[in-house]
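A short write-up of the structure that comes next.
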2 protein chains.
Amino acid sequence: MNDVARAAGVSQATVSFVLNDRRDIPVAPATRQRVLEAASTLRYRTDRRAQELRIGRSTTIGVVSHGVASHPFAGSILRGLQREALRRSHAVMVIDVDVEATAADVTDAVAGLVDRGVGAVVHASAGTRPVQIGDVDGAVRTAFVACWPADGSAPGEALLLPDDRGGGRAVAAHVLGLGHRSIAFLGGPARDHARRERERGLDEALGLAGLPLDSVRRFDGDYGTRSGYRLAARVLEGDDRPSALLCGNDQMALGAYLAARDLGLRVPHDLSIAGYDDQEALANQLVPELSTVALPHDALGARAAEILIGDPPPEPVTEFVECEVVVRESTSPPPLNTY
Amino acid sequence: MNDVARAAGVSQATVSFVLNDRRDIPVAPATRQRVLEAASTLRYRTDRRAQELRIGRSTTIGVVSHGVASHPFAGSILRGLQREALRRSHAVMVIDVDVEATAADVTDAVAGLVDRGVGAVVHASAGTRPVQIGDVDGAVRTAFVACWPADGSAPGEALLLPDDRGGGRAVAAHVLGLGHRSIAFLGGPARDHARRERERGLDEALGLAGLPLDSVRRFDGDYGTRSGYRLAARVLEGDDRPSALLCGNDQMALGAYLAARDLGLRVPHDLSIAGYDDQEALANQLVPELSTVALPHDALGARAAEILIGDPPPEPVTEFVECEVVVRESTSPPPLNTY
DNA sequence: GTGAAAGCGCTAACAG
DNA sequence: CTGTTAGCGCTTTCAC
């Protein structure tokens, strides 16, 4: 900055003023111009560390990602977050911790972030589940995306979740609307939060349609393709084969695709299949393309950035972001349609 | 730090000495102990920004990820990188740029990183392809993981690539070794680097086996599941159906699975299929489990951290990291085996 | 062994 | 409108 000042023939303070575009300090247009030029020819860039040190605020937000590596689409959360952060000239620093990280591991991660001056941290997961948050002592602004503190503590300034119940209701309504009455629900683990919400959504849709809850058979899977395969094979081999499968996620739907084909069933002609997640490079690439529910990861990430960079909300916010069903080719009216 | 000094009844400098564990400055064990205790009860943490500002070196390394969001397993690169960085008490700051980012976009990304004091940046991609690097003017140490500068400039201190040729050779040898003589290669785009290397590997394996290069039919896909489906359907429907398919990646192999089933072919009984990438949650989840080639993303990331945190190598290093074939269930000897 | 003081690159009073 | 200066939290030289 001194070099720029010298080159422009002004004081270093003046350089700071024009570079930070401070409108309250008047600077002669000509001077201003000289400074800008000097800065540009010298390829000057302000050192954020020094700047932050001085102003006492941070221009970077940290994210603790609880197992990106294990989840293909965590990228979207990051993307939304980053885009929004960038718009507010903030940077994003991420540190990935294992899905099975202990509280101590996470404490280290958060500490590393805080030591480097992040002004806020967002915990992000792709699975909508409890995560370890470590012992951070409320030292930093925090938000949660698709996860919440495993230890039951308060979820910082914001708890941002996909509206899985609504999504579950929406796909169910879609399939019901097509005329299906014999449906199987191939869900995630029985204790999984998302699975439960989605199933409740299903129940709501059933209620709305005036159908008994036990008209849909339900199974527990593990969100893996193989479990989708196994469950689908089992239900499809029995008598009174369902005409539609509501899968816990796209991976399980893929398993169902494989199982259906192995049994000589055509999708969607003989069997409709719906997924959940709208996983990139999967749902829209399948043959036939998979009807599914889009998870609003990008929006969730963006919202987190928005909240944490702005003024702290008077009280913690909890938001459920809508999950839209995206209808593609794998769902159609049931065969032998009788209405 | 002043608070700690006061609490321990020593000067602030002494606190710095013991906290940084400087063995060249002798400190009385008792004093040392008092400082440590004070620091811990006050929950003191050193501000890396101030520290870096003073010492003039950085303890964080930046990564420009060229399209994480679009590639499911970029996470592994990050993971390896982070693990290695952590071992050397560095942090990792990532910024994701779009796959189609312009040089200007990338310049901004790198600048954001450098302004925040990263000591080095690694460009990472999941696709092994040229990437924009922006105009960074050699201002910072740089390495490339699974990518290289699109503008033909020198690849910084290190160019780290998967050995796709070796991987291609290895799968081909595996399938050839099983006895297959009628093979089709369903590759990625004709101009794609990885596709070409993998195909060269195939040629080498053919040469080693004393087989003519034209004994394997080759097709161009786009690494998407649908293109795998389309290509497989085409080649499988024709006369002299191949007994084995070498796919450009796991996604295409999945397409081939789907196509094979649609034609009533059993894998691997009627048809062997091999993928490439060993994509998490895909390859090992398919039914049957997919034989494929593992990409060493984790190792690549780790190596980048190792190089950039250590002393600069005297001259740029280029390393090819081995891709191992992982044999699972989708490959077996051909039907009507005649040897 | 320990402490005082300078300075890393920056911002923000305040004086001119 | 511009320049001087103190100080953000730290490290390190040098004197005690």
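Chain identifiers are assigned alphabetically (A, B, ...) following the order of the sequence lines, protein sequences preceding nucleic acid strands; residue numbering begins at 1 within each chain.
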Given [options], which nucleotide is nearest the side-chain atoms of [X]?
{"X": "A13(B)", "options": "dG9(C), dC1(D), dG3(C)", "answer": "dG3(C)"}
{"X": "Q12(B)", "options": "dT2(C), dC10(D), dT2(D)", "answer": "dC10(D)"}
{"X": "N20(A)", "options": "dC10(C), dC10(D), dT11(C)", "answer": "dT11(C)"}
{"X": "M1(B)", "options": "dC10(D), dG3(D), dT2(C)", "answer": "dC10(D)"}

In whole angstroms, how far is the [atom2] atom of [N] from the [atom1] atom of [X]?
{"X": "D24(B)", "N": "dT13(D)", "atom1": "CG", "atom2": "P", "result": "9 Å"}
{"X": "R48(B)", "N": "dG9(C)", "atom1": "CZ", "atom2": "P", "result": "20 Å"}
{"X": "D115(A)", "N": "dC10(D)", "atom1": "CG", "atom2": "C1'", "result": "13 Å"}
{"X": "I25(B)", "N": "dA15(D)", "atom1": "CD1", "atom2": "P", "result": "15 Å"}
{"X": "I55(A)", "N": "dG9(D)", "atom1": "CD1", "atom2": "P", "result": "13 Å"}
{"X": "F17(B)", "N": "dT11(D)", "atom1": "CZ", "atom2": "P", "result": "10 Å"}
{"X": "R49(A)", "N": "dC8(C)", "atom1": "CZ", "atom2": "C1'", "result": "9 Å"}
{"X": "R6(A)", "N": "dT4(D)", "atom1": "CZ", "atom2": "C1'", "result": "16 Å"}

Using a 4.0 Å heavy-atom cut-off across all strands, classify [X] as base, sugar-phosphate, or nothing.
{"X": "R22(B)", "result": "sugar-phosphate"}
{"X": "R45(A)", "result": "sugar-phosphate"}
{"X": "L53(B)", "result": "base"}
{"X": "N2(A)", "result": "nothing"}

By nearest heavy atom, map A28(B) and R54(A) onto DNA chain C; which one lands nearer the 5' end? A28(B)

Charged N to carboxylate O under 4.0 angstrom, D98(A) versus R83(B)?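 Salt bridge absent between D98(A) and R83(B).
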
Will you find, in the side chains of [X] and [Y], an N or O donor that is under 3.5 Å from an N or O acceptor?
{"X": "R79(A)", "Y": "Q82(A)", "value": "no"}
{"X": "Q132(A)", "Y": "T102(A)", "value": "no"}
{"X": "S76(B)", "Y": "D298(B)", "value": "no"}

Less than 4.0 angstrom between a side-chain N/O of [X] and OP1 or OP2 of [N], yes or no?
{"X": "T31(B)", "N": "dG1(C)", "result": "no"}
{"X": "T14(B)", "N": "dG1(C)", "result": "no"}
{"X": "S16(A)", "N": "dC10(C)", "result": "no"}

Which word best sums up how the rings of F144(A) and H123(A) line up, parallel for under 30°, tilted for 30 to 60°, or perpendicular for over 60°?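 Geometry flag for H123(A) against F144(A): parallel rings.
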
